[in-house]
Structure formats: structure tokens, C-alpha cells
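Here's the structure, in C-alpha cells; my notes come after.
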Amino acid sequence: MFRVRFAPSPTGYLHIGGARTALFNWLFARRHGGVFVLRIEDTDAERSSAEMVEGILDGLRWLGLEWDEGPKVDGPYAPYFQSERLESYRAMAERLVEEGKAYRCYCTPEELQARRAEAEAAGGAWRYDRACCSLDDETRAAYEAEQRPHAIRFLVPPGSAEFEDLVRGHIVFDNANIEDFVVLRSDGYPTYHLSVVADDVEMKITHVVRGDDHISNTPKHVLLYRAVDAPVPQFAHVPLILGPDKKRLSKRHGATSVMEYARQGYLPEAMVNFLALLGWSPGAGDRELFTAAELTAIFDLRGISGGNAVFNQEKLDWFNQQHMLRLSPLELATRLKPWLEAAGLWSDDLLEERHAWFFAVLELLKVRAKRLDEYAPLGRFFFSDELDWDDVAVKKHLAPDSAGDNLTAVSAALAELDTFDPVSIETAVRATADARGVKAATLIHAMRVALTGKTVSPGLFEVASLLGRERVRQRVHAAIARGAAARA
RNA sequence: GUCCCCAUCGUCCAGAGGCCUAGGACGCGGCCCUUUCAAGGCUGAAACCCGGGUUCGAAUCCCGGUGGGGACGCCA
């Protein structure tokens, strides 16, 4: 049974990179019938907050990445907050000290910083000098007697740390390049290295799928696994997501929080599809559009590419539109509700007695919208009689001398229609154009401005049909007046 | 600076020695459709970082260089 985990630190919202890591873990678990664990790494009390935990949970829920064990779900290895598992880390650290695999370090952060700065000024890379490793018994006893605060450092053994990475292959680090890292801070809290390993061991994690930025931490982890005699899990380090400038994606690049995209009108299914294909490929075939369910059926770690990937919002837009196009009318309508409400265009009968009309409207709008936020501005004229007039359009299509007569004629022709469907309307408009010796386009453009206030809209005949005979009549007449006013 | 990772169109990917005249997608250009804008169809421009090997044959394997990224915290 495969067990994977996503282990975010609640020091910020769920960002794009974390979301993709979570997605890969989730897909891997679902693909192999494994368990997806969510563990909150809140051992940095200073920077962690409950609010951020909620933010991360919201992000995961929005994406649909439900976890099998973790906050609010629980499981055999609860609790899933590291701040509630401190005893376990302390025990592991003490065990390492007892076994001579770690030692107490009495150097203060200030001293270390000074020594580090000194070494760097001299042009060398600083590595802890093991000052406290070779303390004589007397000094050590004295320190202990006065209960001097101390951290616990792992004693890096000679040799090398190597591991098999599922996406990179064999990776070797010379232990000489690894310093005696702190595993337990002087305040009794574990550092990341200790807590991840301790938890991954206890939670029986079999595959660690995480960002590339952890690759240089991995040898430390391997050393810890060995020190406590635990089986080393499989690692898979996935490439990072970069901004357009090829730098690691960060706030500088604009929206990086997943929920920010939700607020911008993106669909979670589009985000999932897009993220899945950022750094991963199903291999053969040219298909790019997938649902989450489809992805869980084909996801394979072997399809992860080696190089970093640049986040391309234009492609996200495309995915978003494609997924919107595939939503059922009811589903689309449901997602749109908050947006139309915010625009003051919503009313409950849109999903009740007027649903057929509403769905038809959405059908016309959805090929023109890339995001959910675009429906209201695009289709406002369907829902409200207060048109947002484009002055240039009025001047061009309504103000000309012939415009009034043209519209009057069209209006008269439409009034004769038995049925107010697109085909009948089109026939009537074209016939009117012929009768008046003008191009149909002239009437169509004037009609469009009359009905929508703008020069851009869905097909005029569909628009007119959906607006209905009465509203069309009223708007055309209002437009004639407006045109006359603009002329004067 | 040290260590590690990576390297195919502008971007995301395909390519696991001959199938490559290097394929798809986004974006960009053109054409078609057409009442505008989209969507859709067709189509064009656009890449194997460089240098050495190995091989009958290399985008694919090896070495070096260059370039990019990441890590070097009592952050995670």
C-alpha cells in the first residue's frame, strides 16, 4: 500500500507550486489506490498561523484534492499537526544523542552568525565547525549543571548519502559537504529535517514526492533514516514552477495563491488540468484536456520531466475556456451565480422558471468568455434594460441620418413576425435591407447597438430572439431617440 | 564561493540510436466561415545550447564547456 503526503508549512497560502506538488501526490495515491496524507508542518511557531492552515485547506478543497488522513479527517497516525507531535521528535533527538549519533551544541545563534559572517567574508562557505562535538567532559558537565540552553546537532558520519530518485535517478552527496545540522532547536522544537523524517517514518510514508528545492535536503534525511534504522522511502523530486523571468515563482510575479485564481474566475478543473501538465506528460498521444478523474487513471511518476517549467497564464486561460465549454448548462449556471450576484444581475428565477432562457443565454456567452468574471460584462444587456452605451458605437451606427428610418422599418418588420426565433428575425431583417436598398450589415450593426449598446455581442439574431419581441421593440425605439439626440 | 539538479519552437510537452524533412498544445501570422466579437476548421513562421567522442547511424548514449535553476538557517 502506497502512502504519500503533502506537508505544507502554514506560513502562507497554498501557492501554485505547492498546489502542483499536492496534486501530484494526490494523483499518485489515487492512481495506485494509495493513501494521501495531509500533514501540517507548523513547527515554526513564529510564522505559522491557524488562518494559514485554513487557507491551505480551502485551496486543496477548491482543487478537489481530498485527503485521506489529516486535519479534520484523522487516521491511524493522528495528530497531523507537527506542533502536536513534539514529544515524538524530542524522543528521537534524545535517542540519537544517547546512541552517539547526535550531540548537544551550546553555541548560540548569535555566535554562529558571527562565525558564519567571518567565514563568508574570507570567501569560504561556512560549515559548522563541530566546536561542541569535542567539548571535554568537564566543560560539558558544567554547561549541563547550569542548564545552559542548547540545540542538538546530528553528527554527520563520514562517507556518502545516496538515494534513488524516481525522476532523477541515482544521486550521491559526499557527506563532507554536509554540516552537522541542528535537529532540535534550543527551544525544544524540532527543525524541519528531524520532523519530516520522524513523521514520514511514523506515518509509514512510502513515497516522498516534493519540490526540487528539497533535493539538497534529501541526503540529510537519508542519513537520519539510517541513523534510526528506518527504511528509506522512495523519493521523487519534481521540477519547480518558474515565473516568466525564469525565476522561482513568487509574489513578485502576481497571483501565486491558488485561491487568488478562484477569485479571478478560473475553474478548479482547469487549474488541475493545467497544473498536471506543467512538468508532467502522459506520454504518447496529443491529448491535453483531461478531467481529474481521467488523470487519476493515467498518472505516472515516470512522466515527470526534468527541467523547470514556466507558468504560462495564457495557456491556463485556454484550459479554463475549454473546461467551461464542457460544463453542463446547470453546472455553469451554478458556478456563475456568485459572479452574477456580485454584478447585481442575479435573480433566483434564472434557475427556476427562466432556466431554459438562462441556459440559452449562457450558451451564447460561453464561447466568448475565458473566465467566470467575464460573463457579467459580456451579457449584462440580457439581464438589465439599462444599457451601457458605447458613445462611439452610437455615433457610428445610430446617429447617421438614415439610421432612424432603417430602425423604424426593421421594427415594423419584426412586429409582423409570427414567431420570434433567430431564423425568422434574420429573414425579416434581410428582407428589410433589400427593400430599402441597404446592406444587411448596416441594419445588423445598428440593431446590435440598439439592443446591446455596443458593437460587439453574440450573434444578433440569437440576441434579439432571446431578448424577446417586446424588449426588442422598446430598445429599438429608445435607440431611434438616442440616435436623433446624438445627431442634434 | 561550495554542492546538487536541469538543458527540444517565445512557453508547456512528445521523442527512451535509424520511424525526425523533429510531432502536438498555448501564443503569434494568414485563409475559410461570418452581422461584430468569439468559438471552430485549414494553414504559416518558430527549436534539438556549444564542442568533442561512441556508433554504419545521435535530439536521443558518454565526456567537457556554456547557460539556467536550486540548496547552503536553531525556516520549511
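Here is how names work: the chains are called A, B, and so on, in the same order as the sequence lines, proteins then strands, and each is numbered from 1.
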ask   = Can you tell me if CD on A/Glu331 sees more than 12 non-hydrogen neighbours from other groups inside 6.0 Å?
value = yes
ask   = Base, sugar-phosphate alone, or nothing: which one does A/Ser281 contact when heavy atoms must sit under 4.0 Å apart?
value = sugar-phosphate
query = For A/Asn217, which contact category applies under a 4.0 Å heavy-atom criterion: base, sugar-phosphate, or nothing?
reply = base
request  = Compute the ring centroids of A/Phe28 and A/His207, then answer whether they are less than 6.0 Å apart.
outcome  = yes
inquiry  = Using a 4.0 Å heavy-atom cut-off, does A/Leu112 contact any base of the nucleic acid, only the sugar-phosphate backbone, or nothing at all?
reply    = base
query = Considering only heavy atoms and no angle criterion, is a donor-acceptor pair shorter than 3.5 Å present between the side chain of A/Ser186 and the base of B/C74?
reply = yes
ask   = With a distance cut-off below 6.0 Å to the six-membered ring centre and an angular limit of 45° from the axis, does A/Arg148 pair with A/Tyr143 as a cation-pi contact?
value = yes
request  = Report which part of the nucleic acid A/Glu426 touches: base, sugar-phosphate, or nothing (heavy-atom distance under 4.0 Å, all strands).
outcome  = nothing
query = So A/His221 and A/Tyr192, would you call those rings parallel, tilted or perpendicular, with 30° and 60° as cut-offs?
reply = perpendicular
ask   = Which residues within residues 364-373 of chain A lie with some heavy atom under 4.0 Å of an atom in RNA chain B?
value = A/Val367, A/Arg368
ask   = Which listed nucleotide (B/C12, B/C26, B/C74) is nearest to the side chain of A/Pro109?
value = B/C74
message = What contact category does A/Thr442 fall into here, base, sugar-phosphate, or nothing, at under 4.0 angstrom with non-hydrogen atoms?
response = nothing
ask   = Is the Lys NZ or Arg CZ of A/Arg5 less than 6.0 Å from the centre of A/Phe36's six-membered ring, within 45° of the axis?
value = no
key: A/Ala151 side-chain proximity, nearest of B/U35, B/C74, B/A76   = B/C74
task = Test for a donor-acceptor pair under 3.5 Å between the base of B/C75 and the side chain of A/Arg47, counting only N and O atoms.
result = yes
message = Regarding A/Leu278, tell me which of base, sugar-phosphate or nothing describes its non-hydrogen contacts under 4.0 Å with the strands shown.
response = sugar-phosphate
key: Aromatic ring proximity A/Phe274/A/Tyr266, centre distance under 6.0 Å   = no
task = Looking at every strand, decide which applies to A/Pro458 at a 4.0 Å heavy-atom threshold: base, sugar-phosphate, or nothing.
result = base
query = Between A/Phe235 and A/Tyr225, how do the two ring planes meet: parallel, tilted or perpendicular, split at 30° and 60°?
reply = perpendicular
